[in-house]
Every structure is written in structure tokens, then in C-alpha cells.
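The basis for the numbers below is simple: all heavy atoms, side chains too, and nothing from hydrogens, waters or symmetry mates.
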Amino acid sequence: MRTRVGYAGGTLPDPTYHRLGDHTESLQIDYDPTRLSYTELLEMFWTGHHPGSESFSRQYMAAVFYANAQQKQDAMESRDRVAVRLGHEVRTIIAPLTRFYRAEDYHQKYSLRHHPLLMAELEGYTPPEFVDSTVAARLNGYVARQGNPAQLADEIDDFGLSAPARQKLESLVR
């Protein structure tokens, strides 16, 4: 699974962070549907934010952007299940994805960039390799407090970290 930060949902061509227009800051997830279904991905999404909260701006609006009619139907059905479970309206927008624009490199893996020891582990990556790296995405998630010690223990060996970087990551997740 690959994740990229960027902009979607607007009409301004080639948006940037300082010239966003009517776009929303977004996350693009490339995933293998034989390993994770779109419905499972949606369930992860719904648990990752407060779907009853109203967005205070278009830039930070909570949204699901769908790529086809089946994704639209799945997103709307999952939204409706969440509303029933919560007992109130879901304010998350469900909208068509017309185009995703990748954000500037300095926005990619933002949380990870604040940990020089962990970043040094990836110093041989080119900017596109860094953005597309599953290891960088997983590290970014852990340093952003999106994981627990048991999850980390299950996959830390796959990251290929040096002993000091491994110890740093484990201390951050504790």
C-alpha cells in the first residue's frame, strides 16, 4: 500500500499549498484489492476521524473521493452504516475524484520528517522513492501515533532499521 499527500476535489489546475484554490488536502492510497477491499479501507477511514464534525474550511474538509460508480455506492453505504452506529448525521463529504495532485515533497511523510535519526535510515531514497516507500509510510504512521507496540513488534523487523533507529521508533510508540 502506498500513500501520498496532495490536493483533490477542486477546479484550480496544478494547486500548491500556497495556491490551493478550492481543493482539499487529501491522502491518496494505492492498495492491492486482493489483500484489502475498498470496503475495509473505508472502515479504516471512518475510524480515523470524527465523521460528525463539520469542516471549518474547504482546505481541511473531511471527504471520501470515489473513482467510479461502485466506489461511490460503497462509500455511501458505509457512511450510512456509520451514521446508524453513531446515532447522528455524518458530515463527511462523498464526492467524485476528478484528479489528484501530489503535494510538494516537503509535505510528504510530514511526521517522519521531524525525526532525523529515522530519516537518516532512508537517506538513499530519491524523493519519488521516499514518497512511494511503504517503509516510509509505515514509519510516518508510527511516529504520528497511529499504531501500538504490538503492531510495531509484528513488523519492525521488515523495516531494516539500525539498532539505534529501531530503539528510537520503539520508544516513540510506547
Side-chain angles (χ1 to χ4, degrees), residues 1-114 122 125-147 151 155:
M1 183 164 41
R2 283 189 253 183
T3 60
R4 294 173 194 86
V5 174
Y7 317 111
T11 58
L12 179 72
D14 301 316
T16 66
Y17 181 75
H18 297 289
R19 195 177 66 81
L20 196 58
D22 56 348
H23 287 277
T24 299
E25 289 188 14
S26 304
L27 178 69
Q28 180 184 54
I29 301 173
D30 295 335
Y31 67 100
D32 180 350
T34 65
R35 297 182 69 198
L36 177 73
S37 72
Y38 184 67
T39 302
E40 290 170 315
L41 193 58
L42 286 166
E43 289 306 314
M44 292 168 57
F45 168 78
W46 293 117
T47 61
H49 79 102
H50 303 287
S53 299
E54 188 144 359
S55 298
F56 62 90
S57 73
R58 175 91 184 172
Q59 179 177 359
Y60 300 116
M61 172 178 76
V64 173
F65 294 105
Y66 58 84
N68 57 48
Q70 185 61 57
Q71 285 186 354
K72 178 182 180 181
Q73 180 180 339
D74 292 347
M76 293 174 75
E77 289 173 359
S78 70
R79 176 202 58 202
D80 295 345
R81 285 191 302 274
V82 168
V84 168
R85 187 171 63 232
L86 295 176
H88 60 75
E89 176 187 10
V90 170
R91 294 193 167 118
T92 304
I93 303 300
I94 297 176
L97 175 65
T98 53
R99 181 162 177 199
F100 177 83
Y101 295 89
R102 194 178 108 171
E104 300 82 354
D105 285 343
Y106 67 90
H107 286 293
Q108 306 296 331
K109 313 302 187 266
Y110 184 79
S111 296
L112 178 58
R113 289 179 182 275
H114 291 85
L122 307 171
Y125 287 36
T126 65
E129 288 170 338
F130 177 73
V131 170
D132 289 341
S133 166
T134 300
V135 170
R138 300 300 298 145
L139 293 174
N140 188 66
Y142 281 115
V143 300
R145 311 285 190 246
Q146 302 298 316
Q151 291 168 321
E155 65 178 337

Taking every non-hydrogen atom, the tightest pair across [X] and [Y]:
X: A75; Y: V64; value: CB-CG1, 4.0 Å
X: S37; Y: Y31; value: C-CE1, 4.2 Å
X: S111; Y: N140; value: N-OD1, 3.0 Å
X: F100; Y: A8; value: CD1-CB, 4.4 Å
X: T3; Y: A137; value: OG1-CB, 3.7 Å
X: Q108; Y: R113; value: O-NE, 2.7 Å

Report all side-chain donor-acceptor pairs from residues 18-26 shorter than 3.5 Å, counting only partners two or more places apart or in another chain.
{"from": "R19", "atom 1": "NH2", "to": "P13", "atom 2": "O", "distance (Å)": "3.3"}
{"from": "R19", "atom 1": "NH2", "to": "D14", "atom 2": "O", "distance (Å)": "3.0"}
{"from": "D22", "atom 1": "OD1", "to": "T11", "atom 2": "N", "distance (Å)": "2.7"}
{"from": "D22", "atom 1": "OD1", "to": "T11", "atom 2": "OG1", "distance (Å)": "3.4"}
{"from": "D22", "atom 1": "OD2", "to": "T11", "atom 2": "N", "distance (Å)": "3.3"}
{"from": "D22", "atom 1": "OD2", "to": "T11", "atom 2": "OG1", "distance (Å)": "3.0"}
{"from": "H23", "atom 1": "ND1", "to": "G10", "atom 2": "N", "distance (Å)": "3.0"}
{"from": "H23", "atom 1": "NE2", "to": "L12", "atom 2": "O", "distance (Å)": "2.8"}
{"from": "T24", "atom 1": "OG1", "to": "R58", "atom 2": "O", "distance (Å)": "2.8"}
{"from": "E25", "atom 1": "OE2", "to": "Q59", "atom 2": "NE2", "distance (Å)": "2.6"}
{"from": "S26", "atom 1": "OG", "to": "T24", "atom 2": "O", "distance (Å)": "2.9"}

Sidechain-backbone polar pair: [X] side chain, [Y] backbone, donor-acceptor under 3.5 Å:
X: K109; Y: V131; result: yes
X: E89; Y: A83; result: no
X: T92; Y: A62; result: no

Drop me the distance from [X]'s [atom1] to [Y]'s [atom2], to the nearest 0.5 angstrom.
X: R91; Y: M61; atom1: CZ; atom2: CE; answer: 14.5 Å
X: E43; Y: R81; atom1: CD; atom2: CZ; answer: 5.5 Å
X: T16; Y: Y7; atom1: OG1; atom2: OH; answer: 6.5 Å
X: Q146; Y: M44; atom1: CD; atom2: CE; answer: 10.0 Å

Checklist entry - What pairs meet the side chain to side chain donor-acceptor pair (under 3.5 Å) rule with one or both residues in residues 64-79, with sequence neighbours excluded? => result W46-S78, Q70-D74, Q73-E77
Sequence neighbours excluded, which residues qualify as ring pair (Phe, Tyr, Trp, His ring centres under 6.0 Å) partners of [X]?
X: Y17; result: H107
X: Y106; result: none
X: H114; result: Y110

Checklist entry - Under a 4.5 Å cut-off applied to non-hydrogen side-chain atoms, are L122 and E129 in contact? => result no
Checklist entry - Considering residues at least two apart in sequence or located in another chain, which fulfil the side chain to side chain contact (heavy atoms under 4.5 Å, CB included) criterion with L86? => result P51, V82, H88
